[in-house]
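Let me begin by presenting the structure, written as structure tokens, before commenting on it.
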Amino acid sequence: MQFVLLCCLLLALHPEPRPVEGAKILAVYAFPGKSHFMMHTALMRELVESGHQVTMITAFSLEKEQLGSNYTEILIEPVYDFWHDVKLNFGAQHLFELTRMTNYDFLKMLEIIGLKTTEHALRQPKVQAVIHAKKTKGVFDLLLAEQFYQEAFLALSRIYKIPVVTTSTLGYENHMSQMMGLITPWSFVPHGFMPFTDRMSFLERVKNSYASLYEDLDRLLSYFPKMDAVAREFFGPVLGDVPKVRQMEREISVMLLNSHAPLTTARPTVDAMVPVGGMHIYPPKALPEDMQAFLDGASEGAIFFSLGSNVQSKDMPQEMLQLFLQVFGSLKQRVLWKFEDESLRQLPSNVMVRKWLPQADILAHPKVKVFITHGGLFGTQEGVHYAVPMLGIPFYCDQHLNMNKAVLGGYAISLHFQSITSEVLEHSLLQLIHNATYKESVQRVSSIFRDRPQEPRKSAVYWIEYVIRHRGAPHMRSAGLDLNWFQFYLLDVIAFVVAIALAALLAALLAIRLLMGSDKQHRKSKTH
Ligand SMILES: *[C@@H]1O[C@H](CO)[C@@H](O)[C@H](O)[C@H]1NC(C)=O
Ligand SMILES: *[C@@H]1O[C@H](CO)[C@@H](O)[C@H](O)[C@H]1NC(C)=O
């Protein structure tokens with residue numbers, strides 16, 4: 001009896017976390033980037049399956065996912081064509097020309113398309129209705145937003161008075177230090193768009209510091225004022241005094257990051273930054289029959305070629321296309337190529353093209369020996385998950401970084417698109433196929449990447465429910481966020497110590513001078 005009582009008492013003292021049932025979540029995923037939706041879709045499905053009700057402001061419809069009655073969609077129509085802005089501002093005719101852009105161009109590009117797509121979404125009558133809703137109390141428990149140049153949407157958390165969890169499809173980024181109140185050393189943490197690793201030479205550290213500082217200042221002085229203006233325009237009528245996006249960013253409770261060791265290198269972090277990389281990878285599904293047969297029959301193995309959803313193989317310059325076809329034709333392996341124009345002529349008999357391919361399921365096929373990729377984060381994670389050596393042809397943003405990491409990890413060869421020749425391409429493919437070091441490396445990395453205390457989708461839902469349960473997570477917020485910049489970097493303390501040291505030095509000098517002076521006087525008086 002006493003024992004039972006004791007147990008009850010202990011249970012009362014150590015209650016299990018209260019389960020969150022049927023929470024009402026407002027999700028804003030307004031940026032029309034196809035790959036971003038690999039993460040958003042997985043998250044929406046997991047939340048609905050966990051019994052929550054989600055309302056999603058979205059750039060793409062998830063209708064075919066059949067998420068059921070607890071998923072409500074507010075679709076942004078038409079889809080904003082941000083590549084039009086890119087072409088207009090940077091004079092690139094198609095994405096193959098983006099390899100010529102500098103990192104500073106990319107930053108500018110992301111800011112432009114961020115501002116344009118945010119405005120486009122906020123202007124929608126259906127989104128306006130969410131902003132100007134009559135009833136806001138108790139309507140939602142949480143705001144989910146994307147951590148990607150869409151900051152104005154954070155104001156929805158002020159309207160509905162709810163905490164925020166954001167998702168970053170790019171994983172860790174330099175500017176997150178400012179939002180989470182931590183110091184990220186530029187000496188060993190490479191900026192996401194620089195082609196560096198965590199081991200940088202002196203010159204690379206100079207460039208890395210410049211790029212990181214440039215971005216921080218550019219956000220502060222150029223980008224944020226523009227995003228603030230957008231927030232004021234659309235949220236001002238309801239909120240009156242709209243907080244600065246810089247301030248709202250600092251109130252984010254938890255950030256879910258599309259990254260995980262060993263695909264990210266060790267770096268400073270806080271508990272509120274949760275790595276959930278690989279959320280979009282599900283157990284493999286059956287392939288369409290023709291693809292299954294094509295891969296099953298590849299006695300010498302197969303190569304899978306996809307440049308992702310933005311860069312289209314069909315836009316490839318004609319001479320490059322011929323080069324790829326000629327090299328593929330000379331190989332014993334079969335090649336499965338994501339090519340948007342299925343009527344491609346003069347196809348070698350060992351090459352199959354399809355405009356759509358179930359990428360992860362193909363990578364799971366045991367005959368696939370090499371993955372030719374643009375090095376996007378989602379594809380790289382799939383390649384690592386299924387332990388397929390990669391031939392990288394990176395184009396922009398984080399693709400160079402991802403591929404550099406893969407090269408350093410020993411499971412990829414990376415080529416610069418403009419300088420590919422048939423010899424280089426053939427040699428690289430044969431190395432990846434026949435040289436066992438690549439496969440061994442990717443298997444090692446794969447087993448580390450898959451080794452987690454909790455599945456990434458479960459982890460994401462856990463942290464979302466955690467924030468709902470505790471109505472935010474101010475206890476995880478870094479107090480560094482409330483310091484002045486000179487306090488944060490300890491400049492005041494350094495100034496204080498330097499001042500004391502200087503004062504001591506000055507005092508010492510004065511004392512010496514006085515002593516010597518009196519000494520001279522002393523000697524003078526002696527000679528007389
Ligand atoms: C929808 O959510 C409610 C509240 O959580 C739950 O009771 C119901 O079972 C859910 N419906 C479906 C179809 O999942
Ligand atoms: C296999 O690849 C490794 C790493 O690139 C290289 O050092 C080695 O020389 C290659 N071996 C052969 C036989 O080509």
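What you are looking at is a predicted structure, and each value in this text was computed from that prediction instead of being measured. Both counts, for ligands and for their atoms, begin at 1 and track the order of listing.
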ask   = With under 30° as parallel and over 60° as perpendicular, where do the rings of Phe305 and Trp337 fit, or are they tilted in between?
value = parallel

task = Take the angle between the ring planes of Phe140 and Tyr160 and call it parallel below 30°, perpendicular above 60°, tilted in between.
result = perpendicular

query = How does Gln53 reach ligand 1, if at all, at less than 4.0 Å between non-hydrogen atoms: by side chain, backbone, both, or neither?
reply = side chain

message = For Ile468, is there any backbone N or O sitting under 3.5 Å from a side-chain donor or acceptor partner on Arg471?
response = no

ask   = When only distance counts, is Glu21 in polar contact with ligand 1, meaning an N/O pair under 3.5 Å?
value = no

query = Between Gly51 and ligand 1, is there a nitrogen or oxygen pair with a distance under 3.5 Å?
reply = yes

query = Which ligand 1 atoms does Gly22 reach within 4.0 Å, using its non-hydrogen atoms?
reply = 5 (O)

inquiry  = I'd like the residue list for ligand 2, meaning every protein residue with a non-hydrogen atom under 4.0 Å from the ligand.
reply    = Gln431, Asn435, Thr437, Tyr438

query = Stepwise, does the side-chain contact (heavy atoms from CB on, under 4.5 Å) test hold for Lys24 with Val139?
reply = CA-CA 7 Å; Lys24 296 179 289 297; Val139 178; over 6 Å; no

request  = Can you measure from CZ (Arg45) to CD (Glu65) and round to the nearest 0.5 angstrom?
outcome  = 4.5 Å

ask   = Roughly how far, to the nearest 0.5 Å, is CD1 of Ile362 from CG of Leu287?
value = 6.0 Å

task = Quick one: list whatever passes ring pair (Phe, Tyr, Trp, His ring centres under 6.0 Å) with Tyr71, sequence neighbours left out.
result = none

task = Take Thr118 and Tyr149 through the side-chain contact (heavy atoms from CB on, under 4.5 Å) test and state the conclusion after the steps.
result = CA-CA 8 Å; Thr118 304; Tyr149 302 90; over 6 Å; no

